[in-house]
Amino acid sequence: MNKILTIAVREYQAMVATRAFLVAIALMPVLMLGGAWLPGLLQGMETPTPRTIAVVDNTELLFDALKRAADERNRTLEQNRSRASSTTPPAAATGKADEDEQARRALGLEEIHPYLFEQIPVDGFNDDQRLALSERIRRGELYAFLEIPAEVLQPRPFTPADATNPSVETIQLASMRWVAEDAALSDARRWAETALNQIIRSQRLSASINPLVLPTVQLELERKSALESAGLYFRDESGRIVSEDKPNELTSLMLPLGIMTLMFMVIMMAAQPMLESVLEEKTLRIAEVLLGSANSRQLMTGKLLGNVAGSLTVFLLYGGGGIAAAVWQGYSDSVPWHVLPWFIVFQILAVMLYSSIFMAIAASVTQLREAQSLLMPVWMVVMLPLFVWFNIVREPNSTMATLISFFPPSTPMVMTMRMATGATIPWWQSALSMVLMVVGTAAGVLLAARIYRVGILRQGKAPRLTEMLQWAFQRNQV
C-alpha cells in the first residue's frame, strides 16, 4: 500500500506542480468557451459603416414603407449607441436586459451598421441591370440588391382542390430575391425579410378589409398574445400552491452545456497526461526500473489514484471558480447543487476509465504516432455527447437521451447534463446509470491493466488491435 501511495503522490505532483498545468488551467476555458464571448468582443471593435441596398420594387407600393422602417431602425440604433456610451446598465437588472435584447432582435439591432435604400427603376430592368448591380457590389458601392415581384401582393387564391391538399407553392407568396456576397448569412437579409413580410401583410390586410373600417380597428385585429414560459407548481412549506421561478431560456441551455464542457475538460486534462507519462517511461526504459520496485498492478493503481486526485484539483479550480462567480453575480439560485455529488462521482469513474484506456494504449506502443491511430475510436466515443447535447437538453427524458445515458463511456457527461436541465429524471434511471458506470469502469480498468502488464515491457512493432484484445481477455496474463 505504501508503494501505491508513493506512486500516487509522485503522479499528482508531476501533473499539478508544473507550469504546463497552470498554463493549461488558464487557457483551457478560453479554448473551450472562447466562441461564446469572442464574437461579441470582436463585434464591439467594429465601426458602423452604412450599407447601401438597391431595391427593385415591381409592386411600386413597398419601397417607401421599407425605407421608413430602415430610417426608424437607424435612428434607434444611433440612440442606443449614444445611450450606451454615456451610461452603463446595472448588472442586477437582468429582466430589463432580457426585454431590451428581445426588442433589439425584433428591430434588427444586433448588427451595428445602418441600412440605406436606393430605388432602382422598374422599367427595362433585365439581366444586364442585374449584372451591373452585381459589379457595383463587387466594387463595394453596394452591399446588396433586392428584387420584389409584383405577385407578392397578388397571391394565387385557393381552389377547392387546393384547400383539401394545399401545397407549399399555393400557400406561400411569390419569393423575393436578395443578391449579395454574404446572402446566406446576412443579418440585413433577415431584417429585410421580416420587415417586408410585415409590410406586405399590412398592405394585403388593408386591401381586403372594408375601407370604412378604421385603422385603429385594423391595429386591434393585429394585436397578439404572448406565450410566456413558467415553472411547475408545487406546495411550499406554508402549504400554499405556488409556481417555480420563471425558467430562463439562456440558463436552461447554457447550464447543461457548461456542466458537460467542464466534465469533458476534466477528462481530457486528466487522461492525456497519462498517455504521455507512460509512453515516456517506456521509451526511456524508466518503466523497467520502476517495475523492479513495484509490480505492474501497483504501478498502474498508483498512477490512477494520483490522476484522480489531479482531476479533482481541476474540478475544484474550475467548478469552485464558476460557483463563486455565480454567487457573486447573484445567480446562486441557478447553481445546480443537487448535481454536484453526482458530478464528482461520475467524474472520478470517468477519469479512471479513460485514464486506464490511455495508459493501456501508451504501454502497447513505442511512438506517439502509433498511439494516435489507436486513440481515434476512443476520442470518438468521448465526444459522442458533444454531438447530441442539444437534442438531450431539449428533450432530457427522450428515448435517445435515456439510452445514451446507459452507455458507460457516455454516462458521466450525459447523465449530469440531463440532471442539470431541471427535468425530473426517474430515480431508477439515475441508480441504473450509476451501477452500469461502476461496472463498466471496473471492467475497463481490469482489461486495461492486463494490456498494460503485457505491453509495458514489450518492444518493437506496435501490436494489432486483435492482439491487444487477446492480452485483455487471457486470464493468465493478469
Side-chain angles (χ1 to χ4, degrees), residues 15 20-21 24-25 27-35 256-280 282 300 303-304 307-308 310-311 314-315 318 343 346-392 400-401 403-417 433 436-437 440-441 443-449 451-452 455 462-469 471-472:
M15 177 180 178
F21 177 80
I25 286 290
L27 293 183
M28 188 60 67
V30 177
L31 297 177
M32 297 298 298
L33 303 176
L257 176 61
I259 289 179
M260 181 195 66
T261 304
L262 176 59
M263 178 77 74
F264 179 78
M265 286 194 302
V266 171
I267 293 174
M268 184 168 61
M269 294 185 65
Q272 187 66 26
M274 285 293 95
L275 174 74
E276 300 170 357
S277 174
V278 173
L279 190 58
E280 180 183 8
K282 180 177 180 178
M300 185 171 180
K303 285 180 172 293
L304 285 178
N307 200 34
V308 168
S311 69
V314 175
F315 167 73
Y318 285 149
F343 186 98
F346 276 129
Q347 173 192 314
I348 293 174
L349 295 174
V351 169
M352 292 182 64
L353 174 61
Y354 284 107
S355 296
S356 61
I357 294 175
F358 276 53
M359 291 174 64
I361 292 176
S364 304
V365 299
T366 55
Q367 297 181 5
L368 182 59
R369 62 183 180 184
E370 297 172 346
Q372 290 174 347
S373 60
L374 295 175
L375 284 174
M376 182 59 65
V378 180
W379 277 118
M380 294 298 295
V381 174
V382 176
M383 297 181 66
L384 175 61
L386 302 180
F387 300 145
V388 297
W389 74 268
F390 184 76
N391 302 83
I392 295 175
M400 182 194 69
L403 292 178
I404 295 180
S405 62
F406 293 156
F407 179 55
S410 301
T411 296
M413 284 188 280
V414 174
M415 204 62 200
T416 52
M417 183 167 50
S433 64
L436 292 175
M437 187 63 197
T441 300
V445 172
L446 176 61
L447 297 178
I451 298 175
Y452 179 85
R464 298 186 300 272
L465 181 60
T466 55
E467 189 175 357
M468 294 176 62
L469 293 177
W471 299 348

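By convention here, the first residue in the shown sequence is residue 1.
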Okay, side chain of Ser356, backbone of Met352: is any donor-acceptor separation there less than 3.5 Å?
-> yes
Do Val314 and Met269 come within less than 4.5 Å of each other through their side chains, counting heavy atoms only?
-> yes
Can you name the residues that form a ring-ring contact (aromatic ring centres under 6.0 Å, His included) with Phe346, not counting sequence neighbours?
-> none
Residues at least two apart in sequence or cross-chain that pass side chain to side chain contact (heavy atoms under 4.5 Å, CB included) with Leu374, listed by chain then number, are Ile361, Val365, Met468
State which residues pass side chain to side chain contact (heavy atoms under 4.5 Å, CB included) with Leu275; sequence neighbours excluded, sorted by chain then number.
-> Gln272, Phe358, Ala362, Leu368, Ala371, Leu375
Kindly indicate, with the supporting measurements, whether the criterion side chain to side chain contact (heavy atoms under 4.5 Å, CB included) is fulfilled by Phe315 and Met265.
-> CA-CA 9 Å; Phe315 167 73; Met265 286 194 302; over 6 Å; no
For Met359 and Tyr452, work out which heavy atoms get closest and say how close.
-> O-CD1, 3.9 Å
Work out which heavy atom in Ala271 is nearest to a heavy atom in Asn307; give both atom names and the distance.
-> N-ND2, 4.4 Å
Pro256 and Met417: which non-hydrogen atoms are nearest, and at how many Å?
-> CB-CG, 3.6 Å
Output a table of donor-acceptor pairs, distance under 3.5 Å, between side-chain atoms of residues 404-415 and any protein atom two or more places apart or on a different chain; print 'none' if there are none.
residue, atom, partner, partner atom, Å
Ser405, OG, Ala401, O, 3.2
Ser405, OG, Thr402, O, 2.6
Ser405, OG, Arg418, NH1, 2.9
Thr411, OG1, Ser405, O, 2.8
Thr411, OG1, Phe407, O, 3.0

List in chain and number order the residues that pass side chain to side chain contact (heavy atoms under 4.5 Å, CB included) with Ile267, two or more places apart in sequence or in another chain; answer none if no residue qualifies.
-> Met263, Ala350, Tyr354
Is there a side-chain contact between Phe264 and Thr261, using heavy atoms and a 4.5 Å cut-off?
-> no
State, yes or no, whether a side-chain contact exists between Leu353 and Val445 at a heavy-atom distance under 4.5 Å.
-> no
Euclidean distance, Leu386 CG relative to Met380 CE, rounded to 0.5 Å | 10.5 Å
Do the side chain of Ser311 and the main chain of Val308 share a donor and acceptor less than 3.5 angstrom apart?
-> yes
How many angstroms lie between CG in Leu349 and CG in Leu436, if you round to the nearest 0.5 Å?
-> 11.5 Å
Is any side-chain heavy atom of Leu257 less than 4.5 Å from a side-chain heavy atom of Phe390?
-> no
What distance do Thr441 atom OG1 and Leu446 atom CG have between them, rounded to the nearest 0.5 Å?
-> 12.5 Å
